[in-house]
Amino acid sequence: MFVASAFAQEAADHAAGETHTETGAEGGHGGGFPPFLVETYPSQLLWLAITFGLFYLFLKKVVLPRIGSILEVRRDRIAQDLDQAARMKEEADAAVAAYEQELAEARKKASAIAQEARDAAKAEAEAERRRVEAGLESKLAEAEQRISAIKSSALSDVGAIAEETAATIIRELIGADVDRASLEAAVKASRQ
Amino acid sequence: MATDPIHQFQISRLIPIEIGGLDFSFTNASAFMVATVVAAGAFLYLTTSSRGLVPGRLQSVSEMSYEFIASMLRDAAGSHGMRFFPFVFSLFMFVLVANLFGMVPYFFTVTSHIIVTFALALLVIGTVIVYGFWKHGFGFLRLFVPQGVPAVLIPLVVAIEVVSFLSRPISLSVRLFANMLAGHITLKVFAGFVTSLSALGVAGVAGAVLPLAMTVALTGLEFLVAFLQAYVFAVLTCMYLNDAIHPGH
């Protein structure tokens, strides 16, 4: 309803506005549809030009360079931090590689030392074994020698004991001594 | 008068000024232009004054609006278009803040006046024409002759292009003006229903629930429209500026 009446008034006001005869009601511009009141246009245009112009200059000279520099600084900082991170990662990778190489070397060295120690131990054990074997062999030979000596002495004693025994037996049996030479011959003959 | 939906658009003189028979009075519209500019400028200035490397919430808002408009302009008009960045950013902020100010009860909506939106639209088109001729000379007129059109059709296509170019300031300004005007009138009408119905007694109060719900919903919609129209204005400005920078389609 109000809209309709406003539109109805508008045409008349429009004509009035164009001739600048419209006087303001209630401290402002008169009735009619306010956006189409031509007599308000100069004021609106002037103040729009002033406010928007100052706003544009203020943004262009102060605000936008400032925000731009903030974003720039941040972008630089992020790029710098990324660079630093990449460099640190490279350093870390190099350190890992060096560590692994050192580890491999140490492992190689350790296995060499172990091999050496094993070889030395083996050689020593071999030498000890040889020494012990040699000692045993000489002892064996000595023992064999002693055995054969004992054996031969024992065997040489057998004849004398047999002669003694035979002489004693004969004396007991016939009560007469037999001559030593024939006894010896008889014993020797029986041992053959 | 309180329920008159047109009353909110009325302009009243605060400080009468008259120069050469023309009325240049400082009006409520002028006051809200000043308020719009001061609020937007102060917000952008104060929120970025700490220059935080890690932005706070408000600084983020300023930075986001900066990057929003910057990427919009770069996408539409390329890196050459960035010379117009302060212009597009000012337009967007002015229209956005003026629209949002209009959402405050009892506040005047600067962009609900066709002369204001038309002046802004003419500023855009004027910039396009001046920069286009300054940069490309008569080559700017290639804008009206799309490539790859059969020779027979060229007069027709050129006529259509010229008409569409001339209608741009009108469509640009009327779109913003009409949206703000219609939205505010609708809000006022529905809100007026609430008061006039609830004056009718218990049944009226019950009946006022529906227009009240509409008013609430429309308020939300109007906030969307306030942002959307500022966005549309800025996007179209970017596209028109692209024509000035790259006239050969």
Side-chain angles (χ1 to χ4, degrees), chain A residues 1-7 9-10 17 19-20 22-78 81, chain B residues 3-14 17 19 21-31 33-34 36-38 40-41 44-45 48-49 51-55 59 62-63 65-67 70 85-87 89-91 93-94 110 112-116 119-120 123 177 181 185 189 192:
Chain A
M1 179 177 71
F2 295 110
V3 186
S5 67
F7 269 112
Q9 281 179 12
E10 186 233 312
T19 53
H20 301 289
E22 179 79 15
T23 48
E26 51 182 277
H29 298 279
F33 191 54
F36 294 151
L37 294 180
V38 177
E39 74 271 17
T40 67
Y41 287 2
S43 153
Q44 299 225 57
L45 287 175
L46 174 72
W47 288 101
L48 177 66
I50 292 172
T51 52
F52 187 74
L54 289 177
F55 185 58
Y56 173 75
L57 286 180
F58 179 65
L59 290 193
K60 186 182 168 131
K61 298 291 176 202
V62 180
V63 170
L64 294 179
R66 180 193 274 186
I67 299 179
S69 80
I70 290 172
L71 295 176
E72 187 100 343
V73 164
R74 184 173 308 143
R75 205 171 294 131
D76 286 358
R77 179 67 186 270
I78 288 169
D81 285 0
Chain B
T3 52
D4 178 1
I6 301 300
H7 180 252
Q8 58 180 321
F9 303 114
Q10 262 174 9
I11 287 176
S12 53
R13 293 192 196 93
L14 300 179
I17 303 169
I19 303 167
L22 290 174
D23 182 9
F24 289 116
S25 301
F26 188 80
T27 61
N28 56 343
S30 318
M33 286 177 198
V34 172
T36 298
V37 164
V38 167
L44 291 169
Y45 184 78
T48 55
S49 60
R51 294 166 178 267
L53 190 62
V54 178
Q59 190 183 330
S62 294
E63 289 175 5
S65 55
Y66 181 101
E67 294 192 315
F85 176 61
F87 177 56
F89 189 76
S90 307
L91 271 178
M93 287 311 283
F94 185 85
V110 173
S112 68
H113 277 250
I114 180 76
I115 186 65
V116 172
L120 293 176
L123 190 61
F177 155 72
L181 185 85
I185 290 177
V189 166

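To find a chain, count down the sequence lines: A is the first, B the second, and so on, and within it residues start at 1. What you see is a predicted model, and the numbers here were worked out from it, not measured in a lab.
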I'd like to know which of A:I67, A:L59, A:L46 tops the heavy-atom pair count under 4.5 Å against chain B.
A:I67
Counting only non-hydrogen atoms closer than 4.5 Å, does A:R74 touch chain B with its backbone (N, CA, C, O), its side chain (CB onward), both, or neither?
both
Those residues at least two apart in sequence (or on a different chain) that pass side-chain contact (heavy atoms from CB on, under 4.5 Å) with A:S43 are A:W47, B:T27, B:S30
Please assess A:I70 against B:T48 for the test side chain to side chain contact (heavy atoms under 4.5 Å, CB included), listing each intermediate value before the final yes or no.
CA-CA 8 Å; A:I70 290 172; B:T48 55; 3.9 Å; yes
Roughly how far apart are A:L54 CG and B:S90 OG, rounded to 0.5 Å?
11.5 Å
Would you compute the distance between atom CD of A:Q44 and atom CD1 of B:I115 and round it to the nearest 0.5 angstrom?
7.5 Å
Given that the side chain runs from C-beta out, which part of B:L91 has a heavy atom under 4.5 Å from chain A: side chain, backbone, both or neither?
both
Quick check on A:L48 against chain B: is it the side chain, the backbone, both or neither that has a heavy atom closer than 4.5 Å?
both
Who among B:G41, B:A29, B:A40 has the most heavy-atom pairs with chain A under 4.5 Å?
B:G41
Counting heavy-atom pairs closer than 4.5 Å to chain A, which one of B:S112, B:S49, B:A70 comes out on top?
B:S49
Contact summary for B:I6 and A:P34, nearest pair of heavy atoms
CG2-CD, 3.1 Å
Beyond-backbone contact of B:V37 with A:F58, side-chain heavy atoms, under 4.5 angstrom:
no
Please classify the contact of B:Y45 with chain A as side chain, backbone, both or neither, using a heavy-atom distance under 4.5 Å.
both
Checking B:F177 against chain A: side chain, backbone, both or neither under 4.5 Å from a heavy atom?
side chain
Pair count under 4.5 Å, heavy atoms only, with chain A: among B:I17, B:L120, B:N28, highest is B:L120
d(B:I114 CD1, A:F36 CZ) to nearest 0.5 Å is 6.5 Å
Check each atom of A:Y56 against the heavy atoms of chain B and say whether the ones under 4.5 Å are side chain, backbone, both or neither.
both
In terms of heavy-atom pairs under 4.5 Å, which option from A:L45, A:L71, A:V73, A:V62 contacts chain B the most?
A:L71
Looking at CZ of A:F55 and CG of B:L44, how far apart are the two atoms once the value is rounded to the nearest 0.5 Å?
6.0 Å
Could you state the interatomic distance from OH (A:Y41) to NE2 (B:H113), rounded to the nearest 0.5 Å?
8.5 Å
